[in-house]
Amino acid sequence: MELHQNETRQLSFHGEGAKLFGIYIVNILLTMVTLGIYYPWAKAALLKYMYEESEFEGSRFTFHGTGKEMFKGFIKAIGIFIGLYGILFLAALSRNFTITMLGVAVFYIGLLILVPIAIHGALRYRTSRSSWRGIHFGYRGDRKEFLNMFIVGSLITIFTFGIYGAWFVIEIRKYIFKNLRFGNITFSYEGEGSAFFWMNFKGYLLTVITFGIYFFWWAKELFAYYVDNIRMYQGETRLTFRSTATAGGYFKLIIVNLLIIVLSLGLATPWAIVRAMQFVFNHIHIDGPLDVNAITQTEADYTDATGEDLADMIDIGLV
Amino acid sequence: MQHFSARYHDGRRSIAHDATLTLRPDHWLIHYQDPSGELTSARWTLPGIVTDENFSDLFIFRYGSFPQQTIECKDRQLPAALTQHYPDRVFFKKGISRLFKLSNTAIAGMAVLVVALLGVAYWYGLPLLASAVASRVPVSAEVEMGDTMYENLLHGYDVDSTLTVKVNDFARSIDFKTRYPIRVTVVREKDANAFALPGGNIVVFDGILRKMKTKEELAALLAHEVSHVHYRHSLRNVLRSLGGYLFLSILLNDINGIVTVLADNSNALANLTYSRELETEADQKAMAIFQSEGLNIKGFVDLFTMLKGEHGDMTNLKLLSTHPLTEDRLRAAEAAVKGQRNVKEDAGLERKWEDIERGYHGDE
Ligand SMILES: [Zn+2]
């Protein structure tokens, strides 16, 4: 038995479509009846459910955030967005070229500043409210540092017509993983911009040439590149993540989910989400001798939910 | 004394201790073995215990300040035991989260309710809201907004400036009795189509002009479009479409991009169309203009018959799909013709019409 050397662990997802459907329905109903005010509570309920159906080493994850906490952030986020869209709208109405351009500039500069603040805030909030066996996650990134990195990266990406985008994405992942904590466990991301760029270049080209068929291989490669480059450190021990997803698996997941959603006119979406979660969890392995009983609490509490909802509204698809 | 088996986390390390929970009058006792094998206990006084709301059958309680201790218990008898031991304390609130644990029938019922509510909001609430908002928009703002839309829209068309001048000249001879500045633009398009933007811009395809035989037909078309502007039908439609777009994107944002795309397209199609009520209202106003101008209402009958007559001709469907033509509209026009007394022959308008006709025949 070579169990010790080949030690590997997996997450598992136990959510059920029917239960998730119930949560969605109640959420939609209450959000409608309250004209949207229930939204933060709906979000909290959904996250709570998704977390508590996620299991690792026999213990479930927990999301401690509440709608009440997120409500303030939600209101702030709506205010900021109404303000930005209001500026854009009034500038467009002026029908004066300079004023319109100025309005558009203010709008996009506003977004460029808001997006990183939202990502940062969401990471801080979400991680501080997540735990496993009572040990909290945490994010130690610095807002100013992240903001600078994000704005500079975005500008270079724009001026290189998107080419720098690959390096930019990798840089962001490196920064986020470097600052991610789970108790005393630390992480890192080992991807490289050039490799990521060529993977996307090849993926895009072959997808076009094969009329989209290659897309599933591309998706598989992107997933593998994300997962395989994550490292986890427990003291001196280094643990690696490994993807086992195949293009065929991706094909089946995407096609069946599409059919489920389209044929049910969206009503069966919760079942599709459960399938996607199971697919992701089933295809990630954590290799190495992790001592699951020796993780110690290190992260403190954090309170500011603004980022959570800003991120949600800009829809940058965090985790 | 009741004992429950539970899992205990001390909040400092990630060990899951198998523990025994004992309920005492003013505190809970948790016994477990620490890693060295020594029997240890934790004492939770009642006021510090917090129930963790969740959706599964696992009962989770936390204690103390950060980092909190946690116990998880799967025993279904626990809630009953808690009420029995601590009658004054509510551990499981009957909050909204209880709704999530309803039976399948209740959830199915709620799903039906949601779908019905969404339908009502979309088909009835949105038009009502749109007309309420439309009636509060000042004319100047409407004209400004419409002009911006017009400028954006016109990039996609090839304007016939000669015909545009002539048709505007024609339109100026008719008093449409509206405070909106009416401006007509003729564009080179084969389809028989015309539409009105909020604030007074009317776009006419030369395809429909070529099919007209009399000045009354053109006057009828213009009067009809002007009436859409006058009653703010166009603004209402635009607002409804915007509202519909917002509504669907908010609704589907969390769900899926594909459905959004599908829904958006159908939304755009659905909203270009004026409702039958709006068509009738526009016709009535347009015929009233004809009455006071002494124009022959037969122009409407001819226009409708021209559109309807070539029903097999696909090019006509454009106008019919945005301005639904019904038998009722045709019959109402025929009835109005019979009721009309004061038809005058307007030689000036006739000359302008002949000029327009010459304009597009000259092109060919
Ligand atoms: Zn019409």
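For the numbers below, each heavy atom of this structure counts, side chains included, while hydrogens, waters and symmetry mates do not. Every chain is numbered from 1 and lettered A, B, ... according to where its sequence line falls, protein lines coming before strand lines.
- Close approach to chain A, defined as a heavy atom under 4.5 Å from one of its heavy atoms, is seen in B:D52 of residues 44-52 of chain B, taken by number.
- Using a 4.5 Å cut-off between heavy atoms, A:W132 touches chain B through its side chain atoms alone.
- Heavy atoms closer than 4.5 Å to chain B are found in both the backbone and the side chain of A:L29.
- Proximity of a side-chain donor or acceptor of A:Q297 to a complementary backbone N or O of B:P67 within less than 3.5 Å is not detected.
- Remark: B:Y157 OH is packed, more than 12 non-hydrogen atoms of other residues, nucleotides or ligands lying under 6.0 Å away.
- Neither the backbone nor the side chain of A:T31 comes within less than 4.5 Å of any heavy atom of chain B.
- Ranking A:E53, A:K48, A:H14, A:E52 against chain B, the residue ahead of the rest is A:E52, based on heavy-atom pairs under 4.5 Å.
- Closest approach of B:S14 and A:A294 over heavy atoms only: OG-N, 3.5 Å.
- To the nearest 0.5 Å, atoms CZ (B:R13) and CG (A:N184) are separated by 9.5 Å.
- Looking at A:S59 and B:R7, their side chains come closer than 4.5 Å, going by heavy atoms from C-beta outward.
- Counting heavy-atom neighbours within 6.0 Å of A:F215 CZ, excluding the residue itself, gives a total of 12 or less.
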Expected list for residues 124-132 of chain B: side-chain donor-acceptor pairs under 3.5 angstrom, two or more places apart:
unit_1 : atom_1 : unit_2 : atom_2 : d
B:S131 : OG     : B:P127 : O      : 3.2
B:S131 : OG     : B:L128 : O      : 3.1

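- In this structure, CG in B:L113 is found 12.0 Å from CD1 in A:I28, a value given to the nearest 0.5 Å.
- Only the side chain of A:H64 comes within contact range of chain B, with at least one heavy atom under 4.5 Å from a heavy atom of that chain.
- Judged by distance alone, with hydrogens and angles left aside, the side-chain atoms of A:T296 form no donor-acceptor pair with the main-chain N or O of B:R12 at under 3.5 Å.
- Taking each heavy atom of A:N293 and B:A16 in turn, the nearest pair found is OD1-N, 4.2 Å.
- For B:R89, the salt bridge (Lys or Arg N to Asp or Glu O under 4.0 Å) criterion is met by no residue, not counting sequence neighbours.
- Side-chain atoms of B:T70 and A:R133 form no donor-acceptor pair, as typed in the model, at a separation below 3.5 Å.
- With sequence neighbours excluded, no residue forms a salt bridge (Lys or Arg N to Asp or Glu O under 4.0 Å) with B:E72.
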